[in-house]
Amino acid sequence: MGTSTVTGRARSTGVLFAGVALLNTATVGLGTAATLIVAAGSGAVWSGLPSVANVLGTAAGALGAGTLLPVHGSRRVLAAGYGLSAAGALVAFGGALATSVVPLLLGILLVGLGNGGAQLSRYLAADLYPEDRRGRALSTVVWGGTIGALAGPALMAPAASAAAGFGWPSLSGPVAVAVLATAGAALAAVFLPRHVPAQRRPAARGPVRRTGVVRPLVAMVAAQLTMGAVMTMTPLQLQAHGHGLGVVGWVLSAHLFGMFALAPLSGRIADRWGPRVAINAGLGVLALATATALAAPTAHTSGLPIALFLLGYGWNLVFVGGSAQLSRDLAPETRSRVQGTVDAVVWSASALAGLGSGALFAGGGYALVAVVGGVLALLPLAFSVARDDG
């Protein structure tokens, strides 16, 4: 293997990693602050709207990026997407300063457009490596979210204090951090090579089996719905029991650590035992997470952090396993478009979790959210068994 190829892989993977890390840092603080702003101004039933705006923007961004990447290349597409995110963060910051919901949601939607490209970065990393290393390659970029998992929640309370010191609403502080992070991601994308070296493989020997797309798609949709519903309502559950941003940040850190920190382990599982093993294990962990949240809905120092960690890692196993299957089973000429479409479907379905979780929380509390999430996690397992028996 040539030195230039190794250097090109390392450089490209590093830039992709940085973009994911910065976008995750932005979306964590922005999403949490926006949820609390909307809940305070419009009531808990509408508190899922920021999550809906984020996932709809991410779905549109993934679909657009999947279409544009083969034509314009990763540098142009990612830099443009991250630039839109930076503009959106500025709009959201204006909404946070004025405590106005409409610009806040519009800004989050624009941030989501760039986040869609960030999500597809994992596939760009996978394409740099041979097939037997793609799970680990894409999981390395997913692992970049660990920085957001740590930095996003940790910066919320200090950013809120700094905003108050300027005479701004305290919740505008985390939104200001999102402005800086998205601008950093746009700058990082400029350093991608003009032509990212890709590991080409021979054309597919026949049509891709439909199950090669349907199974990971169904599992990823269910995992996103489960995680989105429970995660979105956890800050409100904590706030309802008298906890401030410090506790919210600690619990979300446990969740986000589970989402990203163990991604390399998930990649190794997918490479060694196959993507399907990783997917099914993740669905089981998600079900366990919702059961833990149901059993300890107010234990902010034990039960809830454990439940949210499991929720994050269950999602990670499904996400990495499903992505690994899609990176292997699709022909090169259709891969980016199908991957972008799958991500768009996953994030569009997740919008239902953001909107529906608010209604579930208002109608039946956190327990109802956890029960519905557990059922959703178990459905793909039944789907898989039914297809195998058939």
Side-chain angles (χ1 to χ4, degrees), residues 62 119-123 125-126 129 131-143 145 208-231 255 258-292 307 309-330 335 338-350 353 372-390:
Q119 296 301 315
L120 291 184
S121 293
R122 69 193 190 275
Y123 293 120
Y129 291 86
E131 187 169 303
D132 62 350
R133 295 179 60 190
R134 287 183 178 174
R136 279 171 284 181
L138 67 87
S139 70
T140 298
V141 173
V142 174
W143 187 79
V208 176
R209 290 183 304 121
R210 193 164 167 266
T211 53
V213 175
V214 173
R215 276 179 169 158
L217 173 60
V218 170
M220 290 165 76
V221 166
Q224 196 74 28
L225 287 170
T226 300
M227 185 189 70
V230 178
M231 180 187 68
H255 170 64
M259 281 183 70
F260 302 112
L262 299 181
L265 175 60
S266 301
R268 288 185 176 275
I269 291 172
D271 283 341
R272 181 167 183 177
W273 289 291
R276 189 175 174 187
V277 171
I279 290 171
N280 289 341
L283 294 169
V285 173
L286 283 169
L288 177 61
T290 58
T292 304
F309 168 80
L310 293 173
L311 188 76
Y313 188 55
W315 172 86
N316 182 273
L317 278 165
V318 176
F319 190 69
V320 171
S323 299
Q325 187 166 344
L326 291 172
S327 72
R328 297 176 184 181
D329 290 354
L330 300 175
R335 188 182 300 148
V338 174
Q339 290 165 343
T341 301
V342 167
D343 268 24
V345 172
V346 170
W347 285 95
S348 296
S350 181
V372 173
V375 171
L376 289 171
L378 292 173
L379 284 177
L381 287 175
F383 173 86
S384 179
V385 170
R387 290 191 67 92
D388 290 341
D389 289 345

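Below, each value reflects all heavy atoms present in this structure, side chains not excepted, and no hydrogens, waters or symmetry copies.
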Original post:
Would T292 and F309 satisfy side chain to side chain contact (heavy atoms under 4.5 Å, CB included), going step by step from the backbone distance to the final call?
Top reply: CA-CA 11 Å; T292 304; F309 168 80; over 6 Å; no

[atom1]/[X] to [atom2]/[Y] distance, rounded to the nearest 0.5 angstrom?
X: L265; Y: L317; atom1: CG; atom2: CG; value: 7.0 Å
X: L286; Y: T290; atom1: CG; atom2: OG1; value: 7.5 Å
X: T140; Y: R133; atom1: OG1; atom2: CZ; value: 9.0 Å
X: R215; Y: Q325; atom1: CZ; atom2: CD; value: 8.0 Å
X: L288; Y: L283; atom1: CG; atom2: CG; value: 12.5 Å

Original post:
What residues form a side chain to side chain donor-acceptor pair (under 3.5 Å) with S266, not counting sequence neighbours?
Top reply: Y313, N316

Original post:
Listed by chain and number, what are the side chain to side chain donor-acceptor pair (under 3.5 Å) partners of Q339, not counting sequence neighbours?
Top reply: none

On a heavy-atom basis, which atom in [X] and which in [Y] lie closest, and how many Å separate them?
X: Y129; Y: A137; result: CD1-CB, 3.4 Å
X: A270; Y: G321; result: CB-CA, 4.5 Å
X: Q119; Y: D343; result: CB-OD2, 3.6 Å
X: W143; Y: A263; result: N-CB, 3.8 Å
X: A62; Y: L120; result: O-CD1, 3.4 Å
X: L376; Y: A222; result: O-CB, 3.4 Å

**OP:** Look at the side chain of S139 and the backbone N and O of R136, then say whether any donor-acceptor pair between them is shorter than 3.5 Å.
**Re:**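 Such a contact is found between S139 side chain and R136 backbone.
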
Subject >> L378: side-chain contact (heavy atoms from CB on, under 4.5 Å) partners, not counting sequence neighbours >> reply: A287, L381

Original post:
So do F319 and V346 actually touch side chain to side chain, heavy atoms under 4.5 Å?
Top reply: no

**OP:** Could you verify whether a donor N or O on one side chain and an acceptor N or O on the other, from S327 and R134, lie under 3.5 Å apart?
**Re:** no

